[in-house]
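Order of listing sets the numbers, starting from 1, for every ligand and every atom in it.
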Amino acid sequence: MKPFQYFQPTEIRFGAGRVSEVGEAVARWGRRCLMVTVPKFPAFKPLFRRVQESLASRGVAVAHFDGVVPNPTIDVVSAGAAMAKDFGADVILGLGGGSSMDTAKAVAVEAVHEGSCWNYLFFKPTQPTEKTLPVVAVTTTSGTGSQVTQVAVVTNPGEKNKSALYHPLLFPKTSIVDPELMVSVPSSVTAATGFDVFAHAFESYINPSGSPYTDLLAVEALRLVSKSLPSAVRHGKDLTARTSMAWADTLAGLAIANAGVTLPHGIGMAMSGLYPHVAHGEALACVYPAILRYSWDAAPAKFAAVGRIFDKSLEALDDPAAAKKLGPVVEAFLRTIGLRIGLADLKIPVKELKALAQASLVLPDYKNHPRVAGRDDIHAILKNSVSS
Ligand code: NAD
C-alpha cells in the first residue's frame with residue numbers, strides 16, 4: 001500500500017434536528033457571532049429565526065450579514081468583513097449552501113487581515129495567519145462539502161476569475177449537517193449540487209493524490225449518489241434520500257480535502273469565473289460526458305469501477321470495455337436527474353470557447369487528471385459539450 005496522510009480537524013455533527021445545537025457549538029468559539037447567509041426568502045426565514053434563537057439562548061450576540069450571492073464575489077466578502085469588524089465578531093457562522101459557507105470562511109480571513117481576501121489565494125505569498133476567526137458551518141445543500149474542507153471559493157468579477165483560498169485554518173471548527181434543512185432545496189438545485197457530490201467523489205477517486213482512505217470515502221459517496229440522488233431530485237421531502245445525499249456530500253468533501261479535484265473542476269471553475277450566472281454543478285454537468293469520453297483509457301480500472309456502481313450490467317465486461325461506457329452511463333444518469341445540459345443551454349457563446357479553454361488551465365487541478373489535457377484538448381472537449 002502506498003504511504004499517505006489524512007487530515008481532518010472539523011467536528012462533524014450529523015443528523016436530523018441537530019441544527020438546534022448551533023448555539024452551543026458557536027458559543028464554544030466566541031460570544032459575538034457574524035451569521036453569514038443569502039438574503040432572507042420564505043424557505044429560510046424560519047431557519048434564520050431558529051438559529052438566532054439558539055445562539056441567543058447560549059448568550060451569543062449576533063449580527064446578520066445576509067448579502068451572500070451564488071458564486072460569491074470578493075465585494076460581497078468585503079462587505080461581510082466590514083460588518084464583522086464593526087460588530088467585533090469573534091466567530092463566523094456560515095449558514096447555507098457552499099456560497100454561504102465559503103463567504104463565511106473568506107470573511108473570517110479578511111476581517112482580521114490587511115486588504116482583500118483575494119490577496120490570500122492559495123498560491124499567493126501572503127497566507128492567512130492564526131488570527132483567522134473560527135468558523136462554524138451549517139450546510140443547507142448536499143453538494144460542495146465545504147462544511148469539511150479548507151477551501152473558500154471566491155470570484156473576482158474585475159478579473160473574471162474564480163479562484164480559492166486554501167488553508168488548514170479554514171477548516172470549520174464544527175459543522176452541522178442536518179438533512180432536515182435540505183428538504184426545501186428546489187429540484188433543479190438538488191440535481192446540480194448532487195452532481196457536484198458525484199464530481200468530488202469521482203475526481204478524488206481518480207486523483208493521483210488520493211489514498212486508500214480517500215478511495216474508501218469516495219466509493220461510498222458514489223454508491224450513495226447513484227442510489228439516492230434521483231429520489232432526492234424527484235421527492236424533495238424524502239428525508240431518507242436527503243440523509244443519504246447529506247452523508248454522501250460530507251464523505252466526498254472529506255475526500256477532496258485530502259485528495260483534491262481534477263480537470264472537470266478546472267473547467268467548471270473557469271466557466272463560472274467567466275460566466276457568473278452558471279451554477280457550479282451545472283458547469284460540471286455540461287462537460288462531464290465529454291471529459292469521460294476523452295480520458296477513460298488513462299485509468300481504466302477506476303473508471304470501470306465507477307461505471308459498475310452506476311450500471312450493474314457493466315460487471316459482465318472487462319475493465320477497458322466497462323471504462324469506455326462510463327461516459328454514456330453518466331450521461332444517462334444526468335438525464336435521470338434532469339441535468340443533461342450543454343454549453344448552449346447555459347448561453348455560453350461558441351466563439352468564446354478558446355478563451356474558456358485557456359482559462360481552464362489557470363488552476364493546477366487539470367494536472368491531476370489521469371490524462372493531462374492541453375488547451376487544444378480542452379477546446380475539443382468544450383466543442384463536444386455545446387449541445388446535450
Ligand atoms: P449555493 O450555496 O450557491 O446555493 C444555491 C441556491 O440554493 C441559492 O440560491 C441558495 O439560496 C439556495 N438554497 C440553498 N440551500 C437551500 C435550502 N435549504 N432551501 C432552499 N434553497 C436553498 O450552491 P452550492 O452548490 O451549495 O454552492 C456553490 C458554491 O460553492 C460555488 O461557488 C462553488 O464553487 C463552491 N464550492 C466550494 C467548495 C469548497 O470546498 N469550499 C467545493 C465545491 C464548490
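In summary, the atoms of ligand 1 found under 4.0 Å from a heavy atom of V38, numbered by their order in the structure, are 11 (O). Listed by atom number, the atoms of ligand 1 under 4.0 Å from P70 heavy atoms are 3 (O). Short contacts between ligand 1 and G97, defined as distances under 4.0 Å to a heavy atom of the residue, involve ligand atoms 2 (O), 26 (O). Ligand 1 places these atoms under 4.0 Å from at least one heavy atom of D196: 43 (C), 44 (C).
In terms of protein heavy-atom proximity, atom 18 (N) of ligand 1 is closest to L181 O, 2.9 Å. Ranking protein heavy atoms by distance to atom 42 (C) of ligand 1, first place goes to T144 O, 3.1 Å. Scanning the protein heavy atoms around atom 1 (P) of ligand 1, the nearest turns out to be S99 OG, 3.4 Å. Remark: minimum distance from atom 31 (C) of ligand 1 to any protein heavy atom is reached at K162 NZ, 3.7 Å. Of the protein's heavy atoms, F41 CZ, 4.7 Å lies nearest to atom 12 (C) of ligand 1. Of the protein's non-hydrogen atoms, V189 CG1, 3.6 Å is the one closest to atom 7 (O) of ligand 1.
Crowding of K325 atom NZ: a count of heavy atoms from other residues, nucleotides or ligands under 6.0 Å not exceeding 12. The environment of K160 atom NZ is sparse: at most 12 non-hydrogen atoms of other residues, nucleotides or ligands sit within 6.0 angstrom.
For H64 and F48, the distance between ring centers is under 6.0 angstrom.
Under a 3.5 Å cut-off, the side chain of R308 and the backbone N or O of L314 do form a donor-acceptor pair.
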